[in-house]
There are 4 protein chains.
Amino acid sequence: MVQILKKERKEKIERAALDEFMLKGFLNASMRKIAQNAQISTSNLYNYFESKEKLFYSITDGVYTIINTLVKDLTRTEREIGREIFFEQVSNLIAKPIMKLIKNHREKFLLIMEGSQGTKYENYQEELVIIIEKHFTEHFHTMENIETQDLADTFIFHILARNLLEGLLEISRHYVNDKWVDFNVEALMKYHVDGMSQFFK
Amino acid sequence: MVQILKKERKEKIERAALDEFMLKGFLNASMRKIAQNAQISTSNLYNYFESKEKLFYSITDGVYTIINTLVKDLTRTEREIGREIFFEQVSNLIAKPIMKLIKNHREKFLLIMEGSQGTKYENYQEELVIIIEKHFTEHFHTMENIETQDLADTFIFHILARNLLEGLLEISRHYVNDKWVDFNVEALMKYHVDGMSQFFK
Amino acid sequence: MVQILKKERKEKIERAALDEFMLKGFLNASMRKIAQNAQISTSNLYNYFESKEKLFYSITDGVYTIINTLVKDLTRTEREIGREIFFEQVSNLIAKPIMKLIKNHREKFLLIMEGSQGTKYENYQEELVIIIEKHFTEHFHTMENIETQDLADTFIFHILARNLLEGLLEISRHYVNDKWVDFNVEALMKYHVDGMSQFFK
Amino acid sequence: MVQILKKERKEKIERAALDEFMLKGFLNASMRKIAQNAQISTSNLYNYFESKEKLFYSITDGVYTIINTLVKDLTRTEREIGREIFFEQVSNLIAKPIMKLIKNHREKFLLIMEGSQGTKYENYQEELVIIIEKHFTEHFHTMENIETQDLADTFIFHILARNLLEGLLEISRHYVNDKWVDFNVEALMKYHVDGMSQFFK
DNA sequence: CATGAATGAGTCTTCATTCAT
DNA sequence: TATGAATGAAGACTCATTCAT
């Protein structure tokens, strides 16, 4: 009974914190306001979370792990699938986990990506872009295409990587419903996959 | 003592302010730190700029006007050029002014787009995205293509509009040299122009 | 350590605040000095009262309500009593509540009247003067006396209204003891009642 | 030429200062705003007046002297005129100089009386009240009237003294024209002279 | 005479955090 | 577990005044 109450309260705090963090970002979020919205005293808040940072990580770490795992899975997947089947399998093997992430965790995904200034995640967006970029360039390095080899050193892949991520964030920001997410993630990925395929005559 | 000329000192302040604003954003920028970095007392700072807001606008207003003019010019240009020649003229009429903006004012451009929360520019990025999106959809509405008509109402154009802008921001963020800017802006615009042309069989 | 009870400390703050407000007026009162005089840190002061204004109103609102009620009661009373008995009943029905106000709340009465510049009470003194003036002129309008009718439009009633209020403030300022208050309020009111009766030959 | 310019500028400063002091009082008046309203730099203001206090006294000292002289004259006058002719001569010997003061110097008179907190005049209003009170009581001490002797120790004379002064201030505050001043000062003084005469059966 | 530059002390207020109860 | 009390540091900004030019 008491245990359950505690758990509920903790969740209430986390809900209030998520709202505040998303509204103001980590740096401008106020512990006082979080406590108020969770209907507890500010000092009691510190019985549940020992600092603003810990509270932030308590909220975001789970989704951070999910994203991280997803990225690693994609990397592994990509290595396993050969070049020929790439375009066909993209949808199933890559797009689906991303859709799932957005459908289930879009708020925290956005928070990590956009509201984490002042935390250890503040550069994570850029890191992800670089990882994605690496996928692009590595993939093109496997091609025997001169033009592609040149392109591989080009900043355009960095931009496209950011575009892909930014597109996913934009979908998360304007979430309508699950079906809408599926449609737009697919459209976005198809756009970039097709777009990049033009680099091969 | 050593009376530093007013103009030099004012520029020193603006330099320190630009650095601080870019690092922390308008809201989290500290007048105290700006003063410290400009090596003057906080109260003296207020002899040069009467408030944090005025200081911010003093730095950004010029570039804001440039961007605004550029956007209006592009809109007018687009109306004047016919559909057929559109793709060919994109480079000269649209890409060039953008390159110039980035080459000359990338820092302030980024500041207006990314660090302006709390100022009158805080929604400007979104406004620009919507303007660009409108260009895309209007353009496609002039086509007699059923598939396109359907797409015109789709969120994908919103994403692509944001991608275009975000790509320009990314180029600004990672500025290498002027030639590099020219190359990448052109590549980015070509990518999206070609990419969208696929929507017409 | 020695944990002083909340109520005692709050009262200590209010005492310090009342002193400071009376000495300097709302506008020039310093939260820092109030905190110092209450022997707490300035920031702790804000745990008890969320702003200078709130602190001021916490001190004055009660007495403001008392004054307001008193004024309304007097207005009602005056309408009920007829003209002939007016002068005789003044003492009991009007003077007594005023004496009570001064005996119990002279400091806050003075603060509202004299030290409230910058608060919502800053015009209250003038409002009261006008209310009193209206009582005077209305009363004289009920008389069938030509000379009086002329006087009713005269500024002298405004002065006398202010004099009455100012007399009460002076009694409050120089408070000696309760009996002294009774004596002087009565003398003051008698003086003005008799004085004004001379306007009727 | 230069001399004339200087004089004009000094007068312009004093005009701006009077406005600011009357609006905000000495303590809250801003040297910066005075300089702005006088259209000179703040630092140049200090070439004309070496401090806020000196500026205040430069404006008020003249009128302070006038008031002081007036009070001394009245005291002398009162001693010279006998008891019997007192009431008749009040108008000519006492009221007239007061009217003149209000007609010529009402603003500075009000400033000294009401806006001088923080200066050496901050208690002058109370001092004047006490002087006037003394006149009243001394006058009544010359009477051979038992009841009066008792009254002489009473606070009512203090109140009436303040009422008289406050009435003059109220006339100054609401100044309409010179004739209006004459009428109301006379009415006010008559009211109190008559009123006090009632203390002698 | 005129002024821009400079400053230290002050204004109210918010902050994340700690601690005794 | 819960909370009122406490604080030092920091936030933007204003102030009267001084000084070099």
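Throughout, a chain's letter reflects where its sequence line sits, starting with A, and its residues are numbered from 1. Note: hydrogens, waters and symmetry copies are ignored here, and every other heavy atom, side chains too, is used.
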Quiz item: Under the 3.5 Å rule, do the base of E:dG8 and the side chain of B:Ser43 count as making a donor-acceptor pair?
Solution: yes
Quiz prompt | Atom NZ of A:Lys120 with >12 non-hydrogen neighbours under 6.0 angstrom | solution =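 Enclosed: over 12 neighbouring heavy atoms sit under 6.0 Å from NZ of A:Lys120.
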Quiz item: Which of residues 25-38 of chain A have a heavy atom under 4.0 Å from DNA chain E?
Solution: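 Those residues are A:Ala29, A:Ser30, A:Met31, A:Arg32.
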Please set out all donor-acceptor pairs under 3.5 angstrom arising from side-chain atoms of residues 27-35 of chain A, sequence neighbours excluded.
unit_1, atom_1, unit_2, atom_2, d
A:Asn28, ND2, B:Asn28, OD1, 3.4
A:Ser30, OG, A:Arg32, N, 3.2
A:Ser30, OG, A:Lys33, N, 3.1

Quiz item: Nearest to the side chain of B:Tyr46 - E:dT18, F:dT3, F:dT14?
Solution: F:dT14
Practice problem: Please determine, for the side chain of B:Lys52, which listed nucleotide (F:dA12, F:dA2, F:dT7) has the closest atom? | Solution: F:dA12
Quiz item: Reckon A:Ser51 touches a base, only the sugar-phosphate, or nothing at all at heavy-atom distances under 4.0 Å?
Solution: sugar-phosphate
Self-check item: Centroid separation A:Tyr121 to A:Tyr57 less than 6.0 Å
Solution: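 When the ring centroids of A:Tyr121 and A:Tyr57 are compared, they turn out to be within the sub-6.0 Å range.
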Self-check item: Steps toward ring-ring contact (aromatic ring centres under 6.0 Å, His included) verdict (C:Phe56, C:Phe49)
Solution: CA-CA 9 Å; C:Phe56 183 86; C:Phe49 300 95; over 10 Å; no
Practice problem: Would you sketch DNA chain F in dot-bracket for me? Only Watson-Crick or G-U wobble pairs with both distances under 3.5 Å count, crossing pairs as [ ], other-strand pairs as |, the rest as dots. | Solution: .||||||||||||||||||||
Quiz item: Salt bridge between B:Glu166 and B:Arg173, side-chain N to carboxylate O under 4.0 Å?
Solution: yes
Quiz item: Do C:Asn44 and C:Tyr48 have side-chain atoms, one donor and one acceptor, less than 3.5 Å apart?
Solution: no
